[in-house]
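Each chain gets a letter, A, B and so on, in the order its sequence line appears, and its residues count up from 1.
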2 protein chains.
Amino acid sequence: MNDKNISFTEENYMKAIFHLSENGQNEVFTNDISDYLKPKPASVTDMYKKLAQKNLITHVKYQGVRLTENGKKVALLVVRKHRLWEVFLVEKLKFHWDQVHEVAEQLEHIHSPLLIQRLDKFLGFPQYDPHGDPIPDEKGNMNVARKKTLEEATLGEKGVVVAVQDTNPVFLKHLDKLQIGLKCTLEITDKVEYDGSVEILINNFKRTIVSKQVARNIYISC
Amino acid sequence: MNDKNISFTEENYMKAIFHLSENGQNEVFTNDISDYLKPKPASVTDMYKKLAQKNLITHVKYQGVRLTENGKKVALLVVRKHRLWEVFLVEKLKFHWDQVHEVAEQLEHIHSPLLIQRLDKFLGFPQYDPHGDPIPDEKGNMNVARKKTLEEATLGEKGVVVAVQDTNPVFLKHLDKLQIGLKCTLEITDKVEYDGSVEILINNFKRTIVSKQVARNIYISC
DNA sequence: TATAATTTTTAGGTAACTCGAAAAAATAAT
DNA sequence: ATTATTTTTTCGAGTTACCTAAAAATTATA
Ligand SMILES: [Mn+2]
Ligand SMILES: [Mn+2]
Ligand SMILES: [Mn+2]
Ligand SMILES: [Mn+2]
């Protein structure tokens with residue numbers, strides 16, 4: 001029984017549970033959601049009850065929640081919508097990659113299967129969003145690219161920037177200033193043991209050092 | 001003080017008041033809104049109080065409400081967003097003109113000045129929506145076309161279809177079947193006194209009779 | 001293993017939007 | 001000018017999503 005009457009708020013919880021559980025693999029605890037979405041833990045428990053009753057999650061008292069098959073579908077659809085809209089904003093409306101997330105948070109809640117199907121087609125069935133995150137197709141399948149963070153990469157490794165972990169505008173603007181974006185080629189020219197910062201060569205041309213904090217949030221192909 | 005914290009529901013009320021007052025000219029009564037948006041009259045009175053407190057309407061007890069200047073601006077922005085999205089759906093996503101209204105009812109509530117500004121540009125600053133309704137510009141000005149209904153038009157008059165009054169899918173699909181759409185040329189070849197139906201010549205080619213009900217809902221240029 | 005700290009749930013309450021029933025005001029009919 | 005009808009408002013109450021404070025369960029520490 002796929003309850004279509006899912007509210008704005010419920011969709012946000014489903015997406016949060018999906019992300020915090022590594023795409024539905026692990027269980028998610030009350031405080032995780034509270035930290036992520038900002039309602040108090042008591043409110044999270046209330047919502048757990050409602051979502052469990054709608055068969056979107058299974059809730060074992062004091063042991064967290066897991067997405068049901070049904071719930072995974074619901075979450076994947078929200079993620080799909082969010083990412084398709086982000087592509088639209090960047091590709092068609094010339095938004096900058098640090099401007100799209102907030103608006104997509106609203107657009108992802110528009111209910112219309114036809115709209116999403118047509119939008120997907122209009123955009124040429126994109127596989128990745130402006131931050132390199134994979135876009136689920138109408139069945140919920142997505143192409144997860146092989147990738148590692150700059151923190152994980154070892155000296156001498158070279159790859160193309162395929163995604164960013166953090167989509168915070170402050171972080172993305174910082175990358176712009178460093179002239180780092182998706183599709184850039186990066187080569188690890190040094191790894192500073194002292195503070196975990198990484199020296200890189202951008203597009204075989206520009207040399208810079210990025211902090212551990214930054215290195216953790218950039219993915220290159222591998 | 002232009003209160004930006006306006007809810008989904010409040011926006012719907014503002015738009016309804018705008019339409020039911022002929023673009024803010026007349027006062028609107030409790031039952032008008034109740035019939036139009038479907039909440040019970042008691043709920044309408046509650047909302048009147050809230051909107052009045054936000055300086056969006058003036059409410060004289062038992063005498064209906066009127067939009068304030070501020071309220072008119074808010075309503076016009078919602079109308080602008082609604083109609084721009086309808087253009088997007090038809091022009092870019094190939095929606096049919098009878099499919100757009102429901103989705104636009106959702107999209108009109110997305111809050112993002114940049115989004116609307118960019119969407120407007122992307123669409124080429126359209127003046128009219130897919131039903132011939134004028135689109136307010138960012139200042140709230142709109143080009144109201146000179147027009148009359150087929151019911152008002154007299155025998156022998158000829159004009160181009162510039163708008164439809166009713167945007168109900170059933171009505172629009174009926175027009176499709178009759179091969180009547182925006183930009184069609186219509187000539188009044190007979191007005192039937194008995195039932196108010198109108199005989200027309202479509203694009204100097206096809207002859208049909210439309211009922212008074214239909215004639216009332218088609219606008220031609222004049 | 002007993003105690004302390006943390007996490008989660010329950011209990012009770014608020015604000016927004018809705019309702020039905022009843023009271024009040026305005027309008028229409030006698 | 002009364003009376004009847006219609007419209008609008010008030011009142012009490014339900015729902016959703018949130019809160020704080022307190023209780024219960026789990027996990028960590030001594
Ligand atoms: Mn995003
Ligand atoms: Mn993204
Ligand atoms: Mn419409
Ligand atoms: Mn329209």
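- Between Val44(A) and Tyr13(A) the shortest side-chain heavy-atom distance falls below 4.5 Å.
- Closest to the side chain of Gln63(B), from the set dA21(C), dT27(C), dT18(C), is dT27(C).
- Phe8(A) approaches His109(A) most closely through the heavy-atom pair CE1-CD2, 3.3 Å.
- For the pair Tyr13(B) and dT18(C), the criterion of a side-chain N or O lying under 4.0 Å from OP1 or OP2 is met.
- Residue Asn31(B) places no side-chain N or O under 4.0 Å from the OP1 or OP2 atom of dT6(D).
- Where Asp46(B) and Tyr62(A) meet DNA chain D, the nucleotide closest to each residue was compared, and Asp46(B) sits on the side nearer the 5' end.
- Whole-Å rounding puts the Asp32(A) CG to dT6(C) C1' distance at 14 Å.
- The interatomic distance linking Phe8(B) (CZ) with dT18(C) (P) rounds to 11 Å, in whole Å.
- Contact between the side-chain N/O atoms of Lys40(B) and the OP1/OP2 oxygens of dA21(C) is not found at any separation under 4.0 Å.
- In this structure, CG of Asp35(A) is placed 12 Å from C1' of dT7(C), rounded to the nearest angstrom.
- Formation of a donor-acceptor pair under 3.5 Å by the His59(A) side chain with backbone atoms of Lys49(A) is not found in this model.
- With rounding to whole Å, Lys38(A) atom NZ is found 16 Å from dC19(D) atom C1'.
- Between the P atom of dA16(C) and the CG atom of Asn5(B) lies a distance of 11 Å, rounded to the nearest Å.
- Contact annotation: Lys61(A) does not reach the phosphate of dT26(D) (side-chain N/O to OP1 or OP2, under 4.0 Å).
- Residue contacts shown for Pro41(B) include a base, since a base heavy atom lies under 4.0 Å away.
- Close to dT9(C), at under 4.0 Å from its OP1 or OP2, lies a side-chain N or O of Thr30(A).
- Across the protein-nucleic acid pair, Tyr48(A) atom OH and dC18(D) atom P stand 13 Å apart, rounded to whole Å.
- If you measure from atom CG of Leu37(A) to atom C1' of dC19(D), you get 16 Å, rounded to the nearest angstrom.
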Given the rule in the salt bridge (charged side-chain N to carboxylate O under 4.0 Å, His left out) test, do Glu105(B) and Lys15(B) qualify, once you have shown the distances and angles that lead to the verdict? CA-CA 11 Å; Glu105(B) 283 293 311; Lys15(B) 191 163 65 112; 2.8 Å; yes
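- One atom, CE of Met47(B), and another, P of dA15(C), lie 16 Å apart when rounded to the nearest Å.
- Using a 4.0 Å heavy-atom distance criterion, Ser43(B) is classed as a base contact.
- When heavy atoms are screened at a 4.0 angstrom cut-off, Thr45(B) is found touching base atoms of the nucleic acid.
- Side-chain N/O atoms of His59(A) include none lying less than 4.0 angstrom from OP1 or OP2 on dT8(C).
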One pair to check against salt bridge (charged side-chain N to carboxylate O under 4.0 Å, His left out): Glu69(A) and Lys72(A). What are the steps and the verdict? CA-CA 5 Å; Glu69(A) 278 309 305; Lys72(A) 212 174 289 181; 3.7 Å; yes
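- For the pair Phe29(B) and Thr9(A), nearest-nucleotide mapping onto DNA chain D gives the more 5' position to Phe29(B).
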